[in-house]
Amino acid sequence: MNSTEDSDEFVSVKYLSKMEESNKSALNVMEGVGQPSPVNTDLVRKLKDRKKKRHPVSTYIEGIFAGNRTILSQAITLVESSLHSDQKKAQEIIAACLKTRPAYSSQHPAPSIQSPSPTYRIGITGVPGVGKSTFIESLGTYLTSQGYKLAVLAIDPSSSRSKGSILGDKTRMEELSVDPNAFIRPSPSAGSLGGVARKTRETIILCEAAGFNVIFVETVGVGQSETTVHGMVDFFLLLMLAGAGDELQGIKRGIIEMADTIVINKADGDNLNKANAARVEYTNALHLFPPSENGWAPRVDICSAHTKMGIEKVWEAILSHREITLQNGFFQSRRREQNLQIFYEALDEGLKQAFFSRKQMDHAVKKIEKGIREGLVNPYFAAQALIDKYFSEE
Ligand code: GDP
């Protein structure tokens, strides 16, 4: 490499690829390689790209209704964005998407099973390693082969995209990730569980408007996220393992109680007998719980996400739960209850936002914070005084 070439092509792609070529061996010592730029150029490019990709609201709405996956992804990016301008657009898009959905109110009695057909929202949980992504791949490809359109979302408040979040690694679901009838969206980047839950709920609305009629919401079986997912789905499926030490695998009783179906995965090879034994055990355990008022008796099935044994049976259980609960009205009332929950959460969030966005409040809060730290202010009185001040200044 001569020096003229060096200076001429210092930043060109050609130069970089030549460097790569000549530097295949790990033993090569590069001379004079500069320090990496303090600016994360990759991030800068991504941010610029993001800015470029904003469309008028109507483009998103039309694109979503036309089932355009790229536009759907971009609209979800707006939902996940914390920029005020993005949020404004996102809310308009969501409002438009909601208009097309059947309203399950007393004025609009129970939809029949055939028409208008509500979507299927299914929560899938289980400890890491139980086989959630393998199971989703198996059940998912079965469903798309049956003509369903599947969206797979995830709730994992502990993750962030940069760290490789749950579902972020597309190779986890090789077939589904290239299936034209499936749409996989990684968990929104780390945030409070409430924040992530809201984004996921809104993403469900967009996916349904785009024509996806089965929605899987995956969650890692640790902590509070199961309860959150349970609050946004019609059917809650708990994946478990047979004979994995502690029979309950650290899964709390409350989560077992929430399950509409427990599926014992990895029922293959030497594990099949153990899985059958575990099935009996869990079935007996479930009988100890009070019967559910929705007319559905939770069941325990076995499957192998690897060999696909039992996968169809799991879907049959979901269909049967749907039929029963649609007919006795619990399906509709569960969704209405969930809407009530959304209402309270939105109210809560809206009030907080309104409070903190008022400049004087922000100032007063900071002052009081200091006072509390110094032990000079009673926190209860201070909070009440500020709330009174907020409403008196309306
Ligand atoms: P996740 O962490 O719950 O998403 O679990 P994965 O789907 O990543 O699976 C964890 C491991 O279990 C992987 O090595 C899978 O290949 C394996 N696995 C998943 N399902 C089955 C199954 O049905 N049978 C067997 N033998 N292994 C499985």
Side-chain angles (χ1 to χ4, degrees), residues 122-144 150-161 163-179 182-188 190 196 200 214-226 228-230 233 235-252 255-256 258-259 261-279 282 300-318:
I122 298 156
I124 298 174
T125 193
V127 291
V130 72
K132 288 181 298 299
S133 45
T134 318
F135 175 83
I136 290 173
E137 170 96 340
S138 288
L139 179 58
T141 47
Y142 169 70
L143 292 179
T144 57
L150 168 72
V152 182
L153 314 175
I155 285 214
D156 179 7
S158 62
S159 79
S160 79
R161 282 222 180 110
K163 279 188 277 170
S165 62
I166 185 172
L167 291 178
D169 175 6
K170 290 219 171 175
T171 55
R172 285 179 78 221
M173 293 168 199
E174 272 172 16
E175 272 188 70
L176 269 188
S177 60
V178 293
D179 189 328
F183 177 81
I184 300 180
R185 182 77 182 189
S187 178
V196 171
T200 308
V214 182
I215 314 287
F216 285 170
V217 185
E218 178 188 356
T219 177
V220 279
V222 281
Q224 267 295 304
S225 51
E226 297 89 345
T228 307
V229 170
H230 184 259
V233 296
F235 190 93
F236 193 67
L237 189 152
L238 173 62
L239 274 184
M240 296 196 86
L241 294 173
D246 174 9
E247 275 303 297
L248 296 188
Q249 292 161 56
I251 291 181
K252 291 183 207 89
I255 291 165
I256 295 189
M258 282 192 300
T261 276
I262 293 177
V263 179
I264 304 186
N265 189 33
K266 306 197 188 183
D268 44 43
D270 294 346
N271 218 16
L272 183 59
N273 288 341
K274 270 197 254 166
N276 273 317
R279 182 183 176 194
Y282 284 121
V300 187
D301 283 317
I302 58 167
C303 87
S304 164
H306 255 180
T307 67
K308 306 199 177 186
M309 185 282 291
I311 293 290
E312 271 186 57
K313 222 167 158 212
V314 171
W315 183 244
E316 278 164 21
I318 294 172

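First listed ligand is number 1; within each ligand, the first listed atom is number 1. From a predicted model like this one, the values you see are computed outputs, not experimental measurements.
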- Query: With a 4.5 Å limit on heavy-atom distance, are the side chains of Lys266 and Leu241 in contact?
  - Reply: yes
- Task: Report yes or no: do Asp179 and Thr144 form a side-chain donor-acceptor pair below 3.5 Å?
- Result: yes
- Task: For Ala305, take its heavy atoms, then give the atoms of ligand 1 lying under 4.0 Å from any of them.
- Result: 20 (N), 22 (C), 23 (O)
- Query: Which atoms of ligand 1 have any heavy atom of Thr134 under 4.0 Å away?
  - Reply: 6 (P), 7 (O), 9 (O), 15 (C), 19 (C), 20 (N)
- Item | Heavy-atom nearest neighbour in the protein, as seen from atom 16 (O) of ligand 1, with distance rounded to 0.1 Å | His306 NE2, 3.2 Å
- With a 4.5 Å heavy-atom cut-off, do Phe216 and Val233 have their side chains touching? no
- Query: Where do Glu137 and Thr134 land on the side chain to side chain contact (heavy atoms under 4.5 Å, CB included) test, with the steps shown first?
  - Reply: CA-CA 5 Å; Glu137 170 96 340; Thr134 318; 5.6 Å; no
- Which is closest to atom 2 (O) of ligand 1 in terms of heavy atoms, Ala275, Ala267, Gly131, Gly129? Gly129
- Task: Any chance you could lay out the side chain to side chain contact (heavy atoms under 4.5 Å, CB included) test for Thr261 and Ile318, step after step, and finish with the verdict?
- Result: CA-CA 8 Å; Thr261 276; Ile318 294 172; over 6 Å; no
- Note on the structure: Per side-chain contact (heavy atoms from CB on, under 4.5 Å), Ser138 is matched among Glu312, Lys308, Met173 by Lys308
- Query: Does the side chain of Leu176 come within less than 4.5 Å of Ile136's, by heavy atoms?
  - Reply: yes
- Item | For atom 4 (O) of ligand 1, the protein heavy atom that lies nearest, with its residue and separation | Arg172 NH2, 2.8 Å
- Among protein heavy atoms, which sits nearest to atom 8 (O) of ligand 1, and what does the distance come to when rounded to 0.1 Å? Ser133 OG, 3.3 Å
- Item | atom 18 (N) of ligand 1: any protein heavy atom closer than 4.0 Å | yes
- Message: I'd like to check which ligand 1 atoms, numbered from 1 as shown, lie under 4.0 Å from a non-hydrogen atom of Lys132.
- Response: 1 (P), 3 (O), 4 (O), 5 (O), 7 (O)
- Task: Ignoring angles and geometry beyond distance, decide whether Lys266 reaches within less than 3.5 Å of ligand 1 through its nitrogen or oxygen atoms.
- Result: yes
- Query: Can you list the ligand 1 atoms lying under 4.0 Å from a non-hydrogen atom of Val127?
  - Reply: 3 (O)
- Message: Only heavy atoms of Asp268, strictly under 4.0 Å: list the atoms of ligand 1 that pass.
- Response: 22 (C), 23 (O), 24 (N), 25 (C), 26 (N)
- Closest approach of Val178 to Glu174 (non-hydrogen atoms, all atoms of both residues): CG2-O, 3.5 Å
- Please identify which atoms of ligand 1 are closer than 4.0 Å to at least one heavy atom of Pro128. 2 (O)
- Among protein heavy atoms, which sits nearest to atom 20 (N) of ligand 1, and what does the distance come to when rounded to 0.1 Å? Asn265 ND2, 3.2 Å
- Answer yes or no: is there a side-chain heavy-atom contact under 4.5 Å between Tyr282 and Ile302? no
